[in-house]
Amino acid sequence: MCDKVGKGLILLAGNEPSPMSYADNTFDFRQDSTFLYYFGLDLPSLAGVIDAESGRSVLFGNDAGIDDLIWTGPVPALRELAAEVGVGETRPFAELADEISAAAASGRTVHYLPPYRAETSLLLSRLLGRPAESLFEGKSADLIFAVAEMREKKEECELDELRKAYEIGFEMHTAAMKMCRAGVRENEITGVINAIPKRMGGWGLSFPSIVTQHGETLHNSPTTEPLRDGRLLLVDAGGERASHYCSDHTRTYPVNGRFTERQREIYEIVLKAHDAVPQLLRPGMMYSDLHRAACVILAEGLHDAGLILCGGEEAVEAGVMSGLFMPHGLGHGIGLDVHDCQAVGERSFDFGEYLERAAATATCIHRATWRLNPGTVLSDEPGIYFIPALIDKVRGEGRFKGLVDFAKLEGYKDFGGIRIEDDLIVTETGCEITGGGTIPSKVADLEAFLAR
Ligand code: GLY
Ligand code: MN
Ligand code: MN
């Protein structure tokens, strides 16, 4: 990383415990993924500094005091922790401020990543003498690109963790399928599947589970609504290993175990696109080409179903898929974060300014320039959604006139949405579907599983 950043001091803040309702009542501790990647320590209240020129690295933290020992138990001394991960120097946390101000005073750049937690913003603001509101503009593009490039290409040990994360996903999804029947509440299923990652020795959820009969709302939260005969249930859920490598899968299936003709017709279109992606994926391919190819398959299917009136290519070119039926990307990077490196980059740039650089590093932090090289891991998650508010808006604005059969579409406003998602590892020859994609997805397999 040092050679990529070049000059200056790299500051990587670990996470603090995050209070739920008062200071000592905290959410499960989740380490910052980039700190974890470079410093390997899954404990709160640490920070790391790396000198990009000399390669010197220092771990800042405090040894546990008597109060910590009474309340939270013994932890190894800071020096032992550092030795475990090959960091030679340790200093008390309070001395981090001296380290940073000495670097700044001698005109050295202090590279930091855009913070996403308030506690980190406050720390950086104090250390750097910058108002919290201006931290975002002072972030280091050099560090962002270096981190993204390294985290993007997974090593074999990381891929093994992602393969094992699949097993958690498999258990979560098949448990949901086993519970699925009319009368069971969305959050009853959520409660059961949310317990699975920990039961399997993992850290927990890789994101809040989506268990909903309203799959048309992309990230809908589960409710106390009972499942109803005739509706589709969309479950988008994944687990994190103790190492924090993630899984992310979606399945959509009928509450009563049998697809109606109309549900099956739309489902088969989404499945066709989902299944085509691993076949089309070649190492070195641009993500945007894969996204487009999947959208064309979806649009052709919707044409055959009579909802799109023009050809697939023309519909995609006109923006019918992104503007109406699938208002999200085909996929995202997966690794230590379920949307890998999203905190590092994707939303933190005007990529217009950094286009050349983004193209050169070609990572998932900018999907328009993302090249799917071996070692990249991404989700394959096409969907078709019938979003009443969006249908009304698009129709009201006169968009896609003559391209979409809006009269017919009116009849789909109670349909919901379908998404099917698996995780792909790009290889030298194509890709590997984590776990072999054995969570049922074909209509016959799903119906057979749901009938058990
Ligand atoms: N779990 C959110 C997503 O699929 O991106
Ligand atoms: Mn998902
Ligand atoms: Mn996903």
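Counting starts at 1 for both ligands and their atoms, in listed order.
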Which of the atoms of ligand 1 are close to His332, meaning less than 4.0 Å from one of its heavy atoms? 3 (C), 4 (O), 5 (O)
Do Phe207 and His219 have ring centres separated by under 6.0 Å? no
Does Asp248 reach ligand 1, in the sense of a heavy atom lying below 4.0 Å from it? yes
Close approach of His339 to ligand 1, heavy atoms, under 4.0 angstrom: yes
Note: Arg371-Asp289 ion pair, threshold 4.0 Å (strictly below): no
Protein N, O or S atoms less than 2.8 Å from the Mn ion (ligand 3), ignoring waters? Asp248 OD2, His332 NE2, Glu381 OE2, Glu421 OE2
Closest approach of any protein heavy atom to atom 2 (C) of ligand 1, naming residue and atom: His219 NE2, 3.4 Å
Suppose I only count heavy atoms of Phe207 and a 4.0 Å limit; which atoms of ligand 1 are within that range? 1 (N)
Arg181 side, atom CZ; Ile189 side, atom CD1 - distance, nearest 0.5 Å: 8.5 Å
For atom 4 (O) of ligand 1, what is the nearest protein heavy atom, given as residue, atom name and distance? Glu381 OE1, 3.0 Å
Counting only nitrogen or oxygen atoms and a 3.5 angstrom limit, does Glu421 reach ligand 1? yes
Strictly under 6.0 Å, is that where the ring centroids of Phe170 and His249 end up? no
Parallel, tilted or perpendicular for Tyr287 and His291, by the 30°/60° rule? tilted
Should the pair Asp414-Arg262 be classified as a salt bridge under the 4.0 Å nitrogen-to-oxygen rule? yes
Salt-bridged, Glu156 to Arg163, with N to O below 4.0 Å? yes
Taking NZ, NE, NH1 and NH2 as the nitrogens, is one of them in Glu447 or Lys442 under 4.0 Å from a carboxylate oxygen of the other? no
One thing to verify: whether Glu268 and Lys272 come together as a salt bridge, which I'm taking to mean a side-chain N less than 4.0 angstrom from a carboxylate O. no
Kindly indicate whether the side chain of Val270, heavy atoms from C-beta on, has any atom under 4.5 Å from the side chain of Met326. no
Mind checking whether Arg419 has an N or O less than 3.5 Å away from an N or O of ligand 1? no
